[in-house]
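Remarks on the structure that follows.
The shown structure was predicted, so the numbers you read here are calculated from the model rather than taken from an experiment.
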Amino acid sequence: MNSVEKQLSELIEEPPSRLERSTVVGAGAGDLVSSVDSRFGSLWVAWSRVGITGLTPAFASPTLESFIDHHRRVSYEASSLPNSLEHEIVSALASGTSEGLRFDLSGLSGFQQSVLEACATIPVGAVRPYGWIAKELDMPRATRAVGTALARNPIPLLIPCHRVVKSDGSIGNYAFGPEMKRQLLVSEGAIAL
Amino acid sequence: MKAHDASDEDEIRRTLTSNRDLGFTMLVRRYQPGIYSGARRLTHRHEDAEEVAQDTFLRAYRALSGYDDKRIRDLRLSGWLWTIALNLCRNRASRPIRELPGITEATVSTSDPLPIDFDSWNRRLAGLSTDQRTAVVLRHVVDLPIADICVATGRPEGTVKTDISRGLERLRDAVQREELL
């Protein structure tokens with residue numbers, strides 16, 4: 001017969017398999033990730049208990065691992081998005097309006113958050129120069145910093161950095177290439193073919 | 001497997017100061033299984049243990065946002081977490097018991113050659129005082145060092161050791177009495 005101490009040491013019970021995930025995500029320390037089908041193909045989406053934290057089209061990030069690596073927040077794979085969130089995202093992509101969607105930009109600097117919040121107000125069918133955002137922030141000389149912040153937009157397509165162009169009228173840069181930016185703006189009726 | 005590993009603790013503390021969310025995830029991964037196991041023996045139902053195991057870390061996460069780097073570097077992680085967990089276990093113990101202690105769901109693995117008799121151990125542990133049961137579970141189920149048990153219970157070392165030895169004596173008596181029946 002084993003000693004009492006030995007028997008006590010065997011009273012280990014494994015926690016339920018999802019406990020770590022629900023603890024980390026529930027605390028706000030991590031995200032869930034999954035994919036959703038859209039008119040741009042499959043999209044990886046990451047979300048916290050506050051809102052969407054990241055989005056990348058699968059054509060730009062073929063595997064979940066590459067998305068999570070790039071996403072740089074603790075992430076757990078979910079089998080799917082919550083129905084309501086999936087529906088909201090698909091609607092937003094169709095209408096070009098992200099009103100009502102909740103974003104979680106808490107991992108970004110205050111400046112980056114302000115840039116993206118200003119960008120989110122640009123309506124579908126419109127474009128604005130980088131300088132416009134700088135002025136919105138009361139920082140008229142921060143145009144270059146605005147460009148850098150937009151280049152790091154973690155939620156493209158939903159936060160419409162593609163609607164920000166150069167003041168000389170040229171398309172400017174885009175994470176998925178200027179051609180995609182142009183096509184998006186054409187499909188939104190913001191520029192002519 | 002359960003050995004107290006100081007280098008783990010150091011790495012977690014360092015990460016907590018440089019990347020709170022990653023450090024927190026490491027904290028959960030390292031300590032939540034032990035908190036769950038201990039809570040299973042210190043509360044009645046597996047839902048309670050799950051809640052304790054989750055709420056402990058929720059509270060820990062909130063507390064961490066108020067700690068500066070120095071305070072984090074000085075933290076005894078298991079002692080600190082168990083201080084929170086024991087409070088949560090105590091809150092649940094004061095709720096009315098709708099089930100007899102020791103009725104467990106099917107957590108026993110039937111493929112074990114000698115299945116672990118959780119029910120009997122729950123019954124035997126229920127015969128100890130709260131302090132003895134807490135000390136014995138933390139020392140022998142969770143494998144916490146005495147120093148962490150002192151932090152978690154707020155009791156001095158001598159008292160904790162007495163709780164453990166008296167608790168173990170009572171458990172041995174209970175086992176012997178059962179063998180005589």
Side-chain angles (χ1 to χ4, degrees), chain A residues 1-33 45-54 64-65 67-78 103-110 112-113 152 154-155, chain B residues 1-2 19-29 32-41 46 49-50 53-62 64-65 104 107-109 112 114 116-118 120-122 124-125 136-137 139-143 164 167-175 179:
Chain A
M1 177 59 134
N2 280 330
S3 69
V4 160
E5 291 91 323
K6 178 84 168 65
Q7 290 184 73
L8 287 168
S9 74
E10 286 162 2
L11 297 178
I12 299 295
E13 288 191 61
E14 287 298 314
S17 61
R18 292 265 170 92
L19 189 62
E20 177 194 311
R21 179 177 119 163
S22 59
T23 303
V24 171
V25 175
D31 297 343
L32 294 173
V33 301
V45 179
W47 68 99
S48 70
R49 67 193 183 106
V50 172
I52 300 167
T53 52
L64 179 62
E65 285 70 31
F67 174 60
I68 288 175
D69 272 344
H70 176 74
H71 185 55
R72 295 174 132 258
R73 279 172 59 97
V74 175
S75 300
Y76 297 88
E77 185 180 0
F103 300 123
D104 179 358
L105 303 175
S106 58
L108 306 179
S109 73
Q112 275 181 299
Q113 289 184 44
R152 295 191 188 145
I155 313 175
Chain B
M1 174 187 72
K2 296 176 295 179
N19 182 337
R20 167 126 47 79
D21 288 349
L22 183 60
F24 177 74
T25 304
M26 290 166 67
L27 192 74
V28 172
R29 245 170 229 164
Q32 188 170 59
I35 302 252
Y36 177 78
S37 266
R40 277 295 276 131
R41 307 277 74 78
H46 76 92
E50 223 177 292
Q54 192 155 345
D55 289 349
T56 296
F57 287 92
L58 269 161
R59 290 189 182 193
Y61 188 75
R62 281 181 214 137
L64 282 167
S65 65
T104 58
T107 52
V108 176
S109 163
D112 286 339
L114 280 170
I116 299 165
D117 192 354
F118 289 104
S120 296
W121 280 106
N122 286 343
R124 293 163 194 155
L125 285 165
V136 165
V137 167
R139 182 73 200 97
H140 290 287
V141 177
V142 183
D143 196 28
I164 293 171
L168 288 174
E169 250 180 66
R170 275 197 176 171
L171 288 173
R172 284 181 205 115
D173 287 345
V175 170
E179 282 169 358

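Highest contact tally toward chain A, considering only B:Arg62, B:Glu50, B:Gln54, B:Arg20, is held by B:Gln54 [criterion: heavy-atom pairs under 4.5 Å]. Top candidate by heavy-atom pairs under 4.5 Å with chain B, chosen from A:Gly28, A:Gly30, A:Gly26, is A:Gly28.
Residues satisfying the side chain to side chain donor-acceptor pair (under 3.5 Å) criterion with A:Glu5, sequence neighbours excluded, are B:Arg172.
Applying the salt bridge (Lys or Arg N to Asp or Glu O under 4.0 Å) test to every pair with at least one member in residues 17-31 of chain A, sequence neighbours left out, gives these pairs: A:Glu20-B:Arg29, A:Asp31-A:Arg73.
For A:Thr53 (side chain) and A:Asp104 (main-chain N/O), no donor-acceptor pair under 3.5 Å exists by modelled atom type. A distance-only check finds no donor-acceptor pair linking the side chain of B:Thr56 to the backbone of B:Ala53 [under 3.5 Å].
For chain B, the nearby part of A:Val74 is the side chain; its heavy atoms alone come within less than 4.5 Å.
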